[in-house]
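Here is the naming used below: chain letters follow the sequence lines, and residue numbers restart at 1 for every chain.
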Amino acid sequence: MPEGHSVRRVAIKFGDNFVGETLAVSSPQGRFGRGAALVDGERAVRSYAHGKHFFLEFENKLTMNVHLGMYGSWTFGGDEQFIQASSIGAPRRIGEQESGDGEDDAAGYLEPPAPRATTRVRLVSRHGYADLVGATICRVLEPAGVAALRSQLGPDPLDPEADPEPFYDACARTSRPIGAVLMDQKAIAGIGNIFRAESLFRAAQNPYAPARHVPAETLRMLWRDNVTLMNIGVELGRIVTTAPEHRPGIPAQRAWREHANYVYLRHGRDCRVCGRDTIVVEDLGGRKLYWCTVCQAGDDAARAA
DNA sequence: TGGTAATGAGCAA
DNA sequence: TGCTCCTTACCAC
């Protein structure tokens with residue numbers, strides 16, 4: 001998916017364009033029909049993200065909750081008062097994160113285009129619209145439901161107020177591999193397969209090491225680095241994790257698939273740091289784990305165990 | 001035209 | 001651990 005940085009961008013986009021507006025909410029596909037009716041015609045009052053969950057709160061105290069899953073995406077469009085049309089969510093090509101090339105002609109905007117057959121939800125304000133497709137979760141929650149959901153999520157590195165202690169505690173309490181704990185949304189919210197792989201590489205940490213054996217200083221480094229990397233993702237709209245010295249002459253804004261990452265999707269290619277053909281892809285908990293067996297060797301016994 | 005993988009996660013067994 | 005759901009793009013045929 002769309003990892004936490006994409007969801008944060010969606011929340012910002014809704015904050016800029018929809019909060020304060022009365023919205024027409026519909027479900028062209030029909031699979032969100034009842035939920036849409038609960039908030040249709042209500043004024044949006046707050047937009048926020050927690051990890052990979054997006055929340056849009058309405059004046060009637062109900063909240064639309066969306067999780068994009070692996071393939072979900074939002075498409076936006078509108079008139080000149082609507083901030084830059086774009087789509088945010090699942091990429092359409094490896095390395096491509098978001099597109100702003102839309103068919104939406106801002107100058108000629110009168111009303112939204114006909115929705116696709118798969119459009120789960122459409123929200124329309126005076127100046128623009130948002131279409132959702134492919135989400136794994138799209139529902140309306142009461143305040144208690146929002147609280148219950150958020151209580152199950154770990155701290156979010158993109159939240160400036162977040163306290164990382166629960167993440168450190170979760171690591172201290174388990175012998176699961178650190179590479180698995182980083183993907184556990186109850187331990188830390190918003191990290192997906194790319195930030196997992198890239199932050200472990202940057203920390204030179206073996207992904208298979210039991211979390212409770214990872215030094216406290218390394219855990220603090222992992223938290224801080226994810227804060228940094230995810231904020232870059234929010235700013236750029238794409239995940240760029242390479243340091244400038246590892247993509248010589250190429251600015252982050254133009255670091256596409258050739259230069260954006262260290263290990264993600266780079267198995268079988270030379271490692272940017274050790275220079276050797278040591279990046280592998282393996283299965284960890286049903287997801288693909290990319291890592292450099294030299295740079296992240298650490299305690300090799302941990303992996304054999 | 002069909003198979004497959006993709007930044008996810010809940011569920012049954 | 002493996003199955004399921006959601007959608008799209010790309011690739012081989």
Side-chain angles (χ1 to χ4, degrees), chain A residues 1-10 27-33 35 49-54 65-75 87-99 101-103 115-122 131-139 145 148-150 152-154 156-158 176-177 179-201 207 226 229-234 236-241 255-257 260-268 281-291:
Chain A
M1 126 176 195
E3 302 192 20
H5 69 299
S6 296
V7 183
R8 179 72 41 156
R9 283 172 66 87
V10 166
S27 180
Q29 180 199 46
R31 298 186 47 174
F32 180 60
H50 185 162
K52 300 171 189 173
H53 283 269
F54 167 63
N65 168 225
V66 172
H67 190 300
L68 293 173
M70 193 100 80
Y71 337 97
S73 70
W74 286 99
T75 299
S87 65
I88 300 175
R92 297 301 162 233
R93 244 184 310 260
I94 297 300
E96 177 185 9
Q97 295 304 312
E98 292 177 21
S99 60
D101 53 332
E103 46 289 0
R116 280 179 280 179
T118 53
T119 301
R120 184 80 48 84
V121 190
R122 163 168 283 183
D131 280 357
L132 173 69
V133 300
T136 198
I137 290 174
C138 178
R139 61 190 169 191
L149 169 59
R150 297 192 66 186
Q152 295 299 308
L153 296 174
D156 180 347
L158 283 172
R176 296 165 65 211
V181 177
L182 280 175
M183 292 274 281
D184 182 348
Q185 303 298 302
K186 293 189 289 296
I188 183 168
I191 292 179
N193 206 12
I194 304 179
F195 287 125
R196 179 258 296 259
E198 296 292 312
S199 62
L200 285 170
F201 177 88
N226 275 292
L229 295 177
M230 293 174 79
N231 274 291
I232 290 171
V234 171
L236 298 178
R238 296 182 293 110
I239 299 175
V240 177
T241 57
W256 292 91
R257 49 172 149 311
N261 305 125
Y262 287 104
V263 290
Y264 178 70
L265 242 38
R266 296 197 72 248
H267 50 299
V281 56
E282 295 168 347
D283 191 280
L284 177 59
R287 300 300 302 279
K288 289 192 170 174
L289 168 70
Y290 300 85
W291 67 294

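- Following rounding to the nearest Å, A/Leu68 (CG) and B/dG8 (C1') show an atom-to-atom distance of 10 Å.
- Rounded to a whole Å, the OH atom of A/Tyr71 is 11 Å from the P atom of B/dA6.
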Do any N or O atoms of the protein come closer than 3.5 Å to N or O atoms of nucleotides 2-4 of chain C, and which pairs are they?
none

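- The aromatic rings of A/Tyr262 and A/Phe201 lie parallel to each other, their planes meeting at an angle below 30°, with 60° marking the opposite boundary.
- Taking CH2 of A/Trp291 as the reference point, atom CG of A/Leu200 lies at 10.5 Å (rounded to 0.5 Å).
- In this entry the distance linking CE of A/Met183 with C1' of B/dA6 reads 12 Å, nearest Å.
- A/Leu68 CG to A/Lys52 NZ: the interatomic distance, rounded to the nearest 0.5 Å, is 10.5 Å.
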Please list each protein N or O that sits under 3.5 Å from an N or O in nucleotides 10-13 of chain B, with the distance.
none

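- If you take NZ of A/Lys52 and P of B/dA6, they are 15 Å apart, rounded to a whole angstrom.
- For C/dC6, neither phosphate oxygen OP1 nor OP2 lies less than 4.0 angstrom from any side-chain nitrogen or oxygen of A/Arg120.
- Residues that satisfy the side chain to side chain donor-acceptor pair (under 3.5 Å) test with A/Gln29, not counting sequence neighbours, are A/Arg120.
- Separation of atoms CD (A/Gln152) and CD (A/Gln185) is listed at 12.5 Å; rounding is to 0.5 Å.
- As judged by a 4.0 angstrom heavy-atom cut-off over every strand, A/Gln152 is placed among residues making no nucleic acid contact.
- Taking the P atom of each, C/dT8 and B/dG10 are spaced 23 Å apart, rounded to whole Å.
- Note that CD1 of A/Ile137 is 7.0 Å distant from CG of A/Leu149, once rounded to the nearest 0.5 Å.
- Residue A/Arg116 has a polar side-chain atom (N or O) positioned under 4.0 Å from OP1 or OP2 of C/dT8.
- When rounded to the nearest whole Å, the span between CG of A/Leu182 and P of B/dA9 equals 13 Å.
- Contact annotation: A/Gln185 side-chain N/O to B/dG8 OP1/OP2 distance is not under 4.0 Å.
- The nearest whole Å value for the distance from the CG atom in A/Leu289 to the P atom in B/dA6 is 13 Å.
- A/Gln29 has a side-chain polar atom (N or O) that falls below the 4.0 Å cut-off from OP1 or OP2 of C/dT7.
- Put simply, A/His67 has a side-chain N or O that comes within less than 4.0 Å of OP1 or OP2 on B/dA9.
- A/Thr75 and A/Asp131 share no donor-acceptor pair across their side chains, judged by distance under 3.5 Å alone.
- In this structure, the separation between OG1 on A/Thr241 and CD1 on A/Ile232 is 8.5 Å, given to the nearest 0.5 Å.
- We find that CD1 of A/Ile188 is positioned 14 Å from P of B/dG8, with the value rounded to whole Å.
- Nucleotides C/dC5 and B/dA13, compared at atom P, are 15 Å apart to the nearest Å.
- In this structure, the CD1 atom of A/Ile194 is 11 Å from the P atom of B/dA6, given to the nearest Å.
- For C/dT8, one of the phosphate oxygens OP1 or OP2 lies less than 4.0 angstrom from a side-chain nitrogen or oxygen of A/Thr118.
- In this structure, the separation between NE2 on A/His5 and CD1 on A/Ile88 is 9.5 Å, given to the nearest 0.5 Å.
- Summarising the geometry of A/Ala260 relative to A/Ile239, their closest heavy-atom pair is CB-O, 3.8 Å, with the distance given to 0.1 Å.
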